[in-house]
Student: 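Let me give you the structure first, and then I'll get to my questions.
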Amino acid sequence: MSRWLADPVREFTIGTPEAGPYALTEGPDGALWCTLTHQGAIARRGTDGSLTVHPVGADTGPTILAQGPDGSLWFTQYRAHRIARITVEGTVTSFTPPTTGGGPFGIAAGPDGAMWFTLSGADRLGRITTDGDITEYPAPGAFPAAITAGPDGAMWFTLNQGNAIGRITMDGRTTACPLPTEAAAPVGITAGPDDALWFVEIGAGQIGRITVDGELTEYPLPDRETRPHAITTGPDGALWFSEWGRGRVGRITVDGRITSYDLPRPDCEPHGIAHHDGALWCALETGSLARIEVP
């Protein structure tokens, strides 16, 4: 607690405010990797604090990225409608899904050694092998957004406009669980430490939890206008999420206790959040990464 009070948040610049840091994840090399959506680049922050920026196309719109089973990172290119792969050395390869103009958004490694992604603009889901072979499946609702591997060997995803949480098995069978709150608009989703899936409701200002059996619980945030965006499991066994509308990060324990912490500026618009080197890191629209000590 004394460390939190002394130096709770440190900010590290990785680009101009126009760069658009969006999503981030720890790479297979132990570095922190981040998409620069507006700049069309992928940034790498090494364990020594060094910064490398890899251009991937000014108009491609790199969005979500995730560590792959092949020792590389995979990311979606929302504006270019492609799935791309970047090695830790910076070599980029891209692949085009069969559906034209699908708007790929979320991506995550599956338990089957492939990457799974969402095509938000086409209401479809995709699976891509490390060799680049792509299979698509219809989504069970509108605008599939974030996706993650669940504890049950399936992939789970948010249906932002379908107001539901979806599930797809490795053989392509899909189901959806509607949310009880109207216009909840779920976005980020992650596997929690309690064998459940946790997600954010950006439209309703709530955090949600769903078991693999489909049991739903919703936790209203104290400030319903905070617009929670991304969520991850922290090193303390709690769930941490970005509060895009208020310039904060929030924390919720598995029994539903909620706290919130200020970031450097209320208008910094935090997006992606990730657990890295024992702390929480958040991508800020101001062109920076914030490192948040866990209290």
Side-chain angles (χ1 to χ4, degrees), residues 15 18-25 27 33-43 53-70 72-87 90-110 112-149 155-162 164 166 168 172 174 176 185-189 202 229-230 271-272 283 285:
E18 291 75 29
Y22 191 77
L24 65 171
T25 191
W33 293 71
C34 179
T35 55
L36 303 178
T37 300
H38 304 324
Q39 184 176 334
I42 305 291
V53 176
H54 302 284
V56 297
D59 298 323
T60 62
T63 309
I64 305 295
L65 80 167
Q67 189 175 152
D70 56 348
S72 298
L73 291 111
W74 290 73
F75 60 98
T76 52
Q77 295 182 313
Y78 189 82
R79 290 200 293 268
H81 306 292
R82 294 196 298 255
I83 305 299
R85 171 185 181 268
I86 184 168
T87 67
T91 301
V92 178
T93 311
S94 62
F95 309 90
T96 303
T99 298
T100 302
F105 184 80
I107 191 166
D112 57 347
M115 301 299 292
W116 289 74
F117 59 92
T118 61
L119 291 171
S120 297
D123 298 341
R124 297 181 70 81
L125 307 166
R127 175 186 184 272
I128 183 169
T129 68
T130 54
D131 295 326
D133 294 328
I134 297 176
T135 307
E136 290 185 9
Y137 306 93
F143 208 89
I147 188 168
T148 194
M155 304 299 289
W156 291 72
F157 50 93
T158 52
L159 292 162
N160 178 259
Q161 295 175 13
I168 184 167
T174 60
V187 185
I189 188 169
I202 194 171
H229 188 265
H271 293 294
E285 187 69 18

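This chain uses plain numbering: 1 for the first residue, then up along the sequence. We use all heavy atoms of the structure for the numbers below, so side chains are in, but hydrogens, waters and symmetry mates are not.
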Student: Quick one: do Asp70 and Arg85 make a salt bridge, cutoff under 4.0 Å?
Tutor: yes

Student: Please report the closest heavy-atom contact between Thr76 and Gly106, naming both atoms and the distance.
Tutor: CG2-O, 3.8 Å

Student: Taking all atoms of both residues into account, what is the closest heavy-atom pair of Ala41 and Val53, and its distance?
Tutor: CB-CG1, 3.7 Å

Student: Measuring only between side-chain heavy atoms, which start at C-beta, is Pro62 closer than 4.5 Å to Ile42?
Tutor: yes

Student: May I ask you to test the Phe105-Pro144 pair for a side-chain heavy-atom distance under 4.5 Å?
Tutor: no

Student: Taking the side chain as everything from C-beta on, heavy atoms only, tell me whether Trp116 gets closer than 4.5 Å to Ile168.
Tutor: yes

Student: Would Glu285 and His38 satisfy side chain to side chain contact (heavy atoms under 4.5 Å, CB included), going step by step from the backbone distance to the final call?
Tutor: CA-CA 10 Å; Glu285 187 69 18; His38 304 324; 3.1 Å; yes

Student: Could you state the interatomic distance from CG (Leu119) to NE2 (His81), rounded to the nearest 0.5 Å?
Tutor: 10.0 Å

Student: Identify the two heavy atoms, one from Val92 and one from Ala84, that lie closest to each other, and give their separation to 0.1 Å.
Tutor: CG1-CB, 4.5 Å

Student: Report the C-alpha distance between Thr37 and Arg79 in whole Å, list the side-chain angles of each, state the deciding distance to 0.1 Å, and finish with yes or no for side chain to side chain contact (heavy atoms under 4.5 Å, CB included).
Tutor: CA-CA 10 Å; Thr37 300; Arg79 290 200 293 268; 4.3 Å; yes

Student: So which heavy atom on Cys34 is nearest to which on Ala283, and how close?
Tutor: SG-CB, 4.4 Å

Student: Using a 3.5 Å distance criterion without hydrogens, assess whether the side chain of Asp123 forms a donor-acceptor pair with backbone atoms of Phe143.
Tutor: yes

Student: Hey, mind stepping through Leu73 and Thr25 against side chain to side chain contact (heavy atoms under 4.5 Å, CB included) and telling me if it holds?
Tutor: CA-CA 9 Å; Leu73 291 111; Thr25 191; 3.6 Å; yes

Student: Compare every heavy atom of Ala43 with every heavy atom of Leu36, then report the nearest pair and how far apart it is.
Tutor: CD1-CB, 4.0 Å

Student: Can you tell me how far the CE atom of Met155 sits from the CE atom of Met115, to the nearest 0.5 Å?
Tutor: 8.0 Å

Student: Do Phe75 and Val56 have side chains that get closer than 4.5 Å, going by heavy atoms?
Tutor: yes

Student: For Thr35 and Thr63, indicate whether the former's side chain and the latter's backbone hold a donor-acceptor pair under 3.5 Å.
Tutor: yes

Student: Report yes if some heavy atom in the side chain of Leu65 is under 4.5 Å from a heavy atom in the side chain of Trp33; otherwise report no.
Tutor: yes

Student: Let me see the working for Ile189 and Phe157 under side chain to side chain contact (heavy atoms under 4.5 Å, CB included), right down to the final yes or no.
Tutor: CA-CA 7 Å; Ile189 188 169; Phe157 50 93; 5.5 Å; no

Student: Is it true that the side chains of Ser94 and Gln77 contain a donor and an acceptor less than 3.5 Å apart?
Tutor: no

Student: Any side-chain to backbone donor/acceptor pair from Asp131 onto Asp133? Under 3.5 Å, distance only.
Tutor: no

Student: Side chains of Phe117 and Ile147: closer than 4.5 Å at any heavy-atom pair?
Tutor: no

Student: Side-chain contact, heavy-atom cut-off 4.5 Å: His271 with Leu24?
Tutor: no

Student: Under 3.5 Å, is there a donor-acceptor pair between the side chain of Glu136 and the main chain of Thr99?
Tutor: yes

Student: Is any side-chain heavy atom of Pro104 less than 4.5 Å from a side-chain heavy atom of Arg82?
Tutor: no

Student: Just verifying a value: how many Å separate Gln39 CD and Thr60 OG1, rounded to the nearest 0.5 Å?
Tutor: 10.5 Å

Student: Which pair of non-hydrogen atoms, one from Ala164 and one from Ala176, has the smallest distance, and what is that distance?
Tutor: CB-CB, 4.4 Å

